[in-house]
Amino acid sequence: MAIGSITVELLVGFIALLILTKALGKTQITQITPFDFISSLVLGELVGNAIYDKDVNIQSILYAVLLWGVLIYVVEWITQKFRGTRNILEGNPSIVIHKGKIDRNQLKKSKLDINQLQNLLRQKDVFSLREVEFAILETNGSISVLKKSQYLQPTKEDFNLKKEQGYLSVDIISDGKVDYENLTDAGFNEVWLQKVLKEHKVDHPEDVLVLEWKEDEGVFLQKMDKKNK
């Protein structure tokens, strides 16, 4: 195939996938259910095979992507409108550990053995089955864990400490580039930014690797390594 033809078909396929992903929502990215995972694979295969098939043109690629997207959308619409279909199309979470006891029947239904269960638990920083009060195998294959009370990390409420509001950090400068939208959203302007840079003995934003601002902690700034500039 000619380079030009491959380039055009690849660009068309890329744009079509991008639009379809935006239209279908985040579930196709996070792969919440096995169906989401399979549909993502098939969608990628449709475009990939179409691009390198000499007998397939751009119209065929667009048709394949559109048709598969419509099918996925219809299935998602059905599961939202009719609750009874969710068990079939999406599956149900399974409680594999209930009140500290492993439910072997649920493990068998989920095609999960003890070693696999322990592997999933370790990914949740649980290194002993004795620590678990409840464990739920989610539809995407991950596991959610509720530890027994004696294994839970103490909280501020346990020590009667004053609760504090949490804040998100805001990137003002990243890789030497100023994000003026974030600067404005944080309630600051260029005058404030220049003042901060001066306080940290920085002449130009290009000399900053990252500058974060957090309401409860203020500014965090790391200069650019001169070797990597």
Side-chain angles (χ1 to χ4, degrees), residues 7 10-11 13-33 36-37 40-41 43-44 47-48 118-128 131-132 135-229:
T7 301
L10 186 59
L11 286 173
F14 175 80
I15 294 172
L17 283 178
L18 182 62
I19 294 173
L20 188 60
T21 302
K22 290 290 185 181
L24 293 176
K26 297 179 179 178
T27 58
Q28 295 301 308
I29 301 174
T30 55
Q31 298 169 359
I32 295 176
T33 68
D36 294 326
F37 175 70
S40 299
L41 290 179
L43 188 57
V47 176
Q118 290 174 318
N119 179 280
L120 291 172
L121 291 174
R122 286 194 294 270
Q123 294 178 35
K124 293 293 184 178
D125 295 326
V126 177
F127 293 90
S128 174
E131 300 178 20
V132 182
I136 301 174
L137 183 65
E138 305 292 355
T139 54
N140 67 345
S142 65
I143 198 166
S144 300
V145 179
L146 177 63
K147 292 184 178 181
K148 294 177 180 177
S149 58
Q150 63 266 37
Y151 296 104
L152 291 172
Q153 294 290 338
T155 64
K156 288 189 174 184
E157 187 174 352
D158 295 327
F159 295 103
N160 295 320
L161 298 176
K162 181 181 178 181
K163 295 181 180 179
E164 297 179 357
Q165 181 179 347
Y167 298 95
L168 291 174
S169 62
V170 179
D171 289 336
I172 305 297
I173 298 178
S174 179
D175 286 325
K177 302 292 183 181
V178 180
D179 191 323
Y180 291 99
E181 184 176 350
N182 283 352
L183 180 65
T184 303
D185 290 343
F188 301 117
N189 52 31
E190 290 189 57
V191 175
W192 173 86
L193 179 58
Q194 291 299 327
K195 180 182 177 182
V196 170
L197 295 177
K198 186 176 180 180
E199 290 174 353
H200 288 80
K201 299 179 180 180
V202 176
D203 297 325
H204 306 286
E206 292 79 7
D207 298 326
V208 178
L209 179 63
V210 61
L211 190 160
E212 288 183 352
W213 181 82
K214 198 176 177 190
E215 188 170 339
D216 57 338
E217 296 182 18
V219 171
F220 169 79
L221 185 148
Q222 181 176 332
K223 297 179 182 179
M224 190 82 73
D225 189 344
K226 293 182 180 180
K227 295 179 181 180
N228 297 325
K229 285 183 64 176

With rounding to the nearest 0.5 angstrom, report the [atom1] to [atom2] distance, [X] to [Y].
X: Gln118; Y: Ser128; atom1: CD; atom2: OG; result: 8.5 Å
X: Glu199; Y: Leu221; atom1: CD; atom2: CG; result: 10.5 Å
X: Leu211; Y: Ser169; atom1: CG; atom2: OG; result: 11.0 Å
X: Leu120; Y: Glu138; atom1: CG; atom2: CD; result: 11.0 Å
X: His200; Y: Lys223; atom1: NE2; atom2: NZ; result: 8.5 Å
X: Leu168; Y: Glu215; atom1: CG; atom2: CD; result: 10.5 Å

Is any side-chain heavy atom of [X] less than 4.5 Å from a side-chain heavy atom of [Y]?
X: Trp213; Y: Leu183; result: no
X: Leu193; Y: Val178; result: yes
X: Gln194; Y: Leu197; result: yes

Heavy-atom closest contact ([X] atom, [Y] atom, distance):
X: Asp125; Y: Lys147; result: O-NZ, 3.7 Å
X: Ala135; Y: Ile143; result: CB-CD1, 3.9 Å
X: Asp171; Y: Glu212; result: OD1-CG, 3.2 Å
X: Ile172; Y: Ala186; result: CD1-CB, 4.5 Å
X: Tyr167; Y: Lys214; result: O-CE, 3.0 Å

Neighbour count >12 (heavy atoms, 6.0 Å) for atom NZ, Lys148: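 Counting other residues, nucleotides and ligands, NZ of Lys148 exceeds 12 neighbours.
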Short side-chain to backbone donor-acceptor contact, Asn189 and Trp192, under 3.5 Å: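 Answer holds: yes.
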